[in-house]
Visitor: 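Before I ask anything, let me first share the structure, which is written out below as C-alpha cells.
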Amino acid sequence: MYFFDKNNKLSAKQGNETLMIEAWGTNALRVRATRNAHFSGSNNALTPAESSAEIKISEHSAVIRNGKISCMISENGWMEFYSGDRLILKEYSRDFSGANEHSPSMKLSAREFKPVSGSDYSITARFESVRNEKIYGMGQYQQPELDLKGCILELAQRNSQISIPFYISSLGYGFLWNNAGIGEVMFGANYTQWHSKLSEELDYWITADDTPKKLLENYTEVTGRAPEFPDNALGLWQCKLRYRTQEEVLEVAREYKRRGISLDVIVIDFFHWIRQGDWSFDPEYWPDPKAMADELKELGVRCMVSIWPTVDRKSVNFNEMLNKGLFIRTERGSMQCFDFQGDTVIYDALNPEARRFIWDKAKENYYGFGIDMFWLDEAEPEYSAYDHEHYRHYTGPALKVGNSYPKEHARAFYEGMRAEGQTDIVNLLRCAWAGSQKYAVLVWSGDIRSNFASLRDQLSAGLNIGLAGIPWWVSDTGGFFGDVTDEHFNELLIRWFQFSVFCPVLRMHGDRGPHDIPKLSELDYGGGFSDTGRPNELWSYGEDVYKILRKYLDIRLGMKDYIKSVMDEASENGSPVIRTMFYEFPDDKKCWETDDQYMFGPKYLVAPVMYQGMTERSVYLPQGSWRDIHTGMTYSGGQTITAAAPIEIIPVFEKI
C-alpha cells in the first residue's frame, strides 16, 4: 500500500481499493474506502466541518491526527485508532497480510467488498472486540439491554425500532456508521462486524474525547442539534385513539379548563380525513377547523394533527402524485406499500418535489387554520412487509438509502414551517435517523404493549436514543395496545405516568380497549368508520388514579424552568434530557453498571418502578449529597439505599 497527502487528507491505495481519511470536526476523523474509480461525494449524515489534520507518512506506515484522535495505517492497509497514545479501536483481520499474530489461513479481511451490480457492493467492516468494553446508543430497540455489547442489531427502521448507527464506547470514543442502507451490526465478544447490504463505499466517522458528554458534543457538532424547545409544549400533551369529531376535541379541552388543569397540547389522531393521502379534515365531522383551532388557542392549548405518508388510490391527490412520480416505487408486481384500512402507496420523502407537495397540502388544509404542530406517524415508513429489496426511492434502492426516510420526512415539515416564520416548532415522529434532531423532531417509541415488560424496554430505549443524538423522546404513557379492564392496568398507568413526568415530554396516549364503542359511520371510509378507544384523559380511570396523576402533573409544572434549562442544554451541546448515570458521573464505575435508574438532566436522579406489585427498590446514589424530593431526607452518596415506593411514589433524588 502506498500513501499520499492530498488536500490535507491521508489517502492510501492498494490494488483496486482507495482509502481516504480526513479530519472532520472536533477530535474526529472520517474514514472512507471504495473500489470504484471515485468516491461518491455524498456526506450522508454529516455536515461540513472545518478542521485541519496533521499527517505523517513514512516508508511502512502513515499517521493522521486531529486533536485527541489519530489513526495509523500499516503497510498492509489495516487501521488502528488512538486517543492520545491509548489504542481505542483496531480493525479485525485474519489473513496473510501480517497485520496481527492470529491465524492467517482464515483469509478473513477487515474490509470486504462483494460486488452486487454496477458500482454497488455488499460491504462488511470488522473490528477487534475488547473485553469488558460497554457500548451505548444506536437509536431505539425494543429490548431491556442498555449495554449493547453482545447484541445483534438490525440496521433498519420498523414500527417501534429506530436505527441510528452511532454509539458511545466506555473506551472513550464515539463511532458513526455513516450509511443509510439496510444492514446489521454485531457487537460480538470475538469481534464487531458492520454490514451494509448495498452501498458504493465504506464510510464511517469516529471521535475520541475525555467524557461521554464531550463525545456527544462532537457528534452533534457534525450531525446537528435540536433547536430551542418551545415553552408552550413542556407541560401535558393529551392524546388518545382517536378523537373522532371537532366537538370531542373541544369538550376535552374545555373539561381540562373547568378542572383547572393546565393543558399544553391536544392531539388529533388518524382518520380525521376521508382517505389516506387527502391530508385534510372530513368536513362531516370537522365542519370548522379554524373555529376549533381559535377556541383551543383561547384556552391556551396548541393543536397537533396526525399526518400519514400513505396515499390511497382513491385519494384526491393520488393521480397528480402518480403522474409527477412522487411515490416510493416497487421493484416487482403491483404498486402497493401498505394495506391498513386502504390500498395505499407511500410518498417519497427522499424526493424534494414530493416533500414540497406534502407540505403545501398541510399548509393549505391545516396550517392555514392555525394548526402549527404535526404528528408525522408511520414515519419509518411502515410497510405491510419490511421487504426492503422491493422498494426504490428517488435517490436509489431502499436497501441503499432507506434508513434516512424519517429524517427527510421531518425535514419537509420543518423547512416548510421555518419558511412561514415559525420558531416554536416541535413535530412528533415515530422514527428518526442520524441528524433528525436538527429538524425539531420529538420521537416517540411506537406502538408498544401495555405491560411492565414493555415499560422496562422503554427505559433502555429512551436512554440509548438520547446517546444517539436525539434529546426529544417520549413513549405512549401506559403503552399503546392496552385493555382498561385488565386488573393491573391502573397500576401500570400510574407507574408509566410517573416515569413520563421525568421525561422530555409528558404525553397521554394509547389504544384503550375493549373496542365496544359504536362507530359513527357504516361506510368503509371517512372520518367516522374507524374504531375509537376508551377515554384516556387524566380523570378517565377513577378518582384514586386521578389524584395521583394530578399530583405528578403538578410536580412537572413546578419544574418547568428547570426542564427548559435542560432542553436548552440539548440545543447548546447535544446532551440528552434523560441521561444514563455514567453520562453525569463518568468516573464512577458503578454508574457504568447501573441500568435501571437515570438522571433527568444534571440534577435529578430518577428510579422508576418497573415491576408489578413493587413497593420498594434499591437506588444507587453516586458521590455527593442527595435529597429525597418526597420526604426531604438527605443522603450521602457513594452508597446503595432501599427507597420506599408505594403506588403514589416514584423515588426521585435531587443533587444538592
Side-chain angles (χ1 to χ4, degrees), residues 25-26 45 47 136-140 162 164 166-168 174 176 207 209 211-235 237 264-265 373 406-407 410-411 414 418 423-429 431-445 458-459 461-475 499-507 556 559-586 598-606 655:
T26 302
T47 56
Y136 304 91
M138 291 299 299
Q140 172 188 284
I162 301 171
I164 303 175
F166 173 76
Y167 72 85
I168 285 175
L176 170 69
T207 182
D209 223 311
T211 65
K213 185 174 293 188
K214 293 296 295 182
L215 292 172
L216 204 54
E217 183 174 352
N218 296 347
Y219 168 67
T220 56
E221 176 190 24
V222 298
T223 58
R225 297 189 180 121
E228 182 179 1
F229 194 88
D231 292 352
N232 54 12
L234 289 169
W237 293 34
D264 279 10
V265 179
M373 302 177 76
K407 176 182 174 181
R411 178 183 178 184
Y414 179 76
R418 288 287 296 174
T423 56
D424 58 343
I425 302 174
V426 52
N427 292 321
L428 183 66
L429 277 87
C431 200
W433 193 61
S436 283
Q437 63 272 6
K438 64 187 175 188
Y439 295 127
V441 165
L442 167 63
V443 174
W444 103 95
S445 60
Q458 301 326 296
L459 177 58
L463 292 174
N464 270 328
I465 201 170
L467 291 173
I470 307 290
W472 303 355
W473 177 88
V474 66
S475 61
F499 167 60
S500 295
V501 162
F502 299 96
C503 281
V505 166
L506 171 61
R507 172 174 166 266
R556 181 173 179 95
M559 298 175 69
K560 264 194 170 183
D561 289 345
Y562 172 76
I563 298 172
K564 182 62 167 64
S565 72
V566 179
M567 290 291 198
D568 288 345
E569 186 182 353
S571 298
E572 292 161 4
N573 62 25
S575 285
V577 178
I578 58 173
R579 306 171 179 179
T580 57
M581 294 300 299
F582 67 77
Y583 192 84
E584 285 299 322
F585 303 95
Y598 65 97
M599 296 297 294
F600 185 48
K603 190 174 179 180
Y604 291 95
L605 188 160
V606 183
K655 187 180 179 183

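Remember, it's a predicted structure, so these values are computed and weren't measured experimentally.
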Visitor: Under the side chain to side chain donor-acceptor pair (under 3.5 Å) rule, what do Arg225 and Ser571 come out as? Steps first, then yes or no, please.
Guide: CA-CA 6 Å; Arg225 297 189 180 121; Ser571 298; over 6 Å; no
Visitor: Should Glu569 and Lys213 count as an ion pair when the cut-off is N to O under 4.0 Å?
Guide: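 Answer for the salt bridge query: yes.
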Visitor: What do the steps show when you test Ser575 against Tyr583 for side chain to side chain donor-acceptor pair (under 3.5 Å), and what is the final call?
Guide: CA-CA 9 Å; Ser575 285; Tyr583 192 84; 2.7 Å; yes
Visitor: Looking at every non-hydrogen atom in both residues, tell me the closest pair between Val443 and Ile470 and how far apart they are.
Guide: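 Looks like CG2-CG2, 3.8 Å.
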Visitor: Please tabulate, for the side chains in residues 228-235, all donor-acceptor contacts under 3.5 angstrom to protein atoms that are two or more places apart in sequence or on a different chain.
Guide:
{"from": "Glu228", "atom 1": "OE2", "to": "Lys564", "atom 2": "NZ", "distance (Å)": "3.0"}
{"from": "Asn232", "atom 1": "OD1", "to": "Arg302", "atom 2": "NH1", "distance (Å)": "2.8"}
{"from": "Asn232", "atom 1": "ND2", "to": "Asp424", "atom 2": "OD2", "distance (Å)": "3.4"}

Visitor: Examine distances only and state if a side-chain atom of Tyr562 and a backbone atom of Lys603 form a donor-acceptor pair shorter than 3.5 Å.
Guide: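 Yes.
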Visitor: Can the ring centres of Tyr604 and Phe502 be said to be less than 6.0 Å apart?
Guide: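 No, they do not, as the ring centres are separated by 6.0 Å or more.
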Visitor: Could you give the distance from NZ (Lys214) to OG1 (Thr207), rounded to the nearest 0.5 Å?
Guide: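 Those atoms lie 9.5 Å apart.
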Visitor: Going by heavy atoms in the side chains, are Leu215 and Thr211 under 4.5 Å from each other?
Guide: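 The answer is no; the side chains never approach within 4.5 Å.
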Visitor: Between Val566 and Pro602, what is the shortest heavy-atom contact and its length?
Guide: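 Answer, listing the atom of Val566 first, then Pro602: CG2-CD, 4.1 Å.
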Visitor: Ignoring hydrogens, what is the shortest heavy-atom contact between Gly469 and Leu216? Give both atom names and the distance.
Guide: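 Heavy-atom minimum between the residues: N-CD1, 4.1 Å.
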Visitor: Applying side chain to side chain donor-acceptor pair (under 3.5 Å) to Ser475 and Gln458, what does each step give before you reach the verdict?
Guide: CA-CA 7 Å; Ser475 61; Gln458 301 326 296; 5.5 Å; no
Visitor: May I ask you to test the Ser436-Arg411 pair for a side-chain heavy-atom distance under 4.5 Å?
Guide: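 Not touching, per the 4.5 Å side-chain cut-off.
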Visitor: One pair to check against side-chain contact (heavy atoms from CB on, under 4.5 Å): Val577 and Met567. What are the steps and the verdict?
Guide: CA-CA 7 Å; Val577 178; Met567 290 291 198; 3.7 Å; yes
Visitor: Does the side chain of Ile164 come within less than 4.5 Å of Met138's, by heavy atoms?
Guide: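 Of all side-chain heavy-atom pairs linking Ile164 with Met138, none is under 4.5 Å.
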Visitor: Less than 4.5 Å apart, side chain to side chain, heavy atoms only: is that true for Lys407 and Val441?
Guide: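 Side-chain contact under 4.5 Å: no.
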Visitor: Mind listing the closest non-hydrogen atom pair of Thr220 and Gly574 along with its distance?
Guide: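 In this case the closest contact between Thr220 and Gly574 is OG1-CA, 3.6 Å.
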Visitor: If every non-hydrogen atom of Ile578 is compared with every non-hydrogen atom of Cys503, which pair is closest and at what distance?
Guide: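 Smallest interatomic distance, heavy atoms only, reads CG2-CA, 3.9 Å.
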Visitor: Side chains of Tyr598 and Thr580: closer than 4.5 Å at any heavy-atom pair?
Guide: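 Tyr598 vs Thr580: side chains apart.
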Visitor: Any side-chain heavy-atom pair from Leu467 and Arg579 closer than 4.5 angstrom?
Guide: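 They are not in side-chain contact.
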Visitor: Measure the OH-CD1 distance between Tyr414 and Ile425 for me, rounded to the nearest 0.5 Å.
Guide: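 Here the rounded value is 5.5 Å.
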Visitor: Under a 4.0 Å threshold between the charged nitrogen and the carboxylate oxygen, would Asp264 count as salt-bridged to Lys560?
Guide: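 A salt bridge is present here (some side-chain N lies under 4.0 Å from a carboxylate O).
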Visitor: Kindly compute the distance separating CD (Gln140) from CD1 (Ile465), expressed to the nearest 0.5 Å.
Guide: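 So the CD of Gln140 and the CD1 of Ile465 are separated by 5.0 Å.
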Visitor: Once you measure the plane-to-plane angle for Phe582 and Tyr136, does it fall in the parallel (<30°), tilted (30-60°) or perpendicular (>60°) bin?
Guide: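 Geometry flag for Tyr136 against Phe582: tilted rings.
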Visitor: Assess the residue pair Thr223 and Lys438 against the criterion (side-chain contact (heavy atoms from CB on, under 4.5 Å)); give the C-alpha distance rounded to whole Å, side-chain angles, the decisive distance to 0.1 Å, and a yes or no.
Guide: CA-CA 8 Å; Thr223 58; Lys438 64 187 175 188; over 6 Å; no
Visitor: Is there a side-chain contact between Ile563 and Phe600, using heavy atoms and a 4.5 Å cut-off?
Guide: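 The answer is yes; the side chains approach within 4.5 Å.
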Visitor: For Val505 and Trp237: C-alpha separation, side-chain torsions, deciding distance, then whether side-chain contact (heavy atoms from CB on, under 4.5 Å) applies.
Guide: CA-CA 8 Å; Val505 166; Trp237 293 34; 3.7 Å; yes
Visitor: Flag the pair Trp444 / Trp473 as yes when at least one side-chain heavy-atom distance between them is below 4.5 Å, and no otherwise.
Guide: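 They are not in side-chain contact.
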Visitor: Main chain of Gly224, side chain of Gln437: is a donor-acceptor contact present, judged purely on distance under 3.5 Å?
Guide: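 Indeed, once roles are kept as given, a pair shorter than 3.5 Å links the two residues.
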Visitor: For residues Ala434 and Leu176, report the shortest heavy-atom separation together with the two atoms involved.
Guide: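 That closest heavy-atom pairing would be CB-CD1, 4.2 Å.
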Visitor: Are Asp209 and Asn218 close enough, and set up right, to give a side-chain contact (heavy atoms from CB on, under 4.5 Å), and what steps lead you there?
Guide: CA-CA 9 Å; Asp209 223 311; Asn218 296 347; 2.9 Å; yes
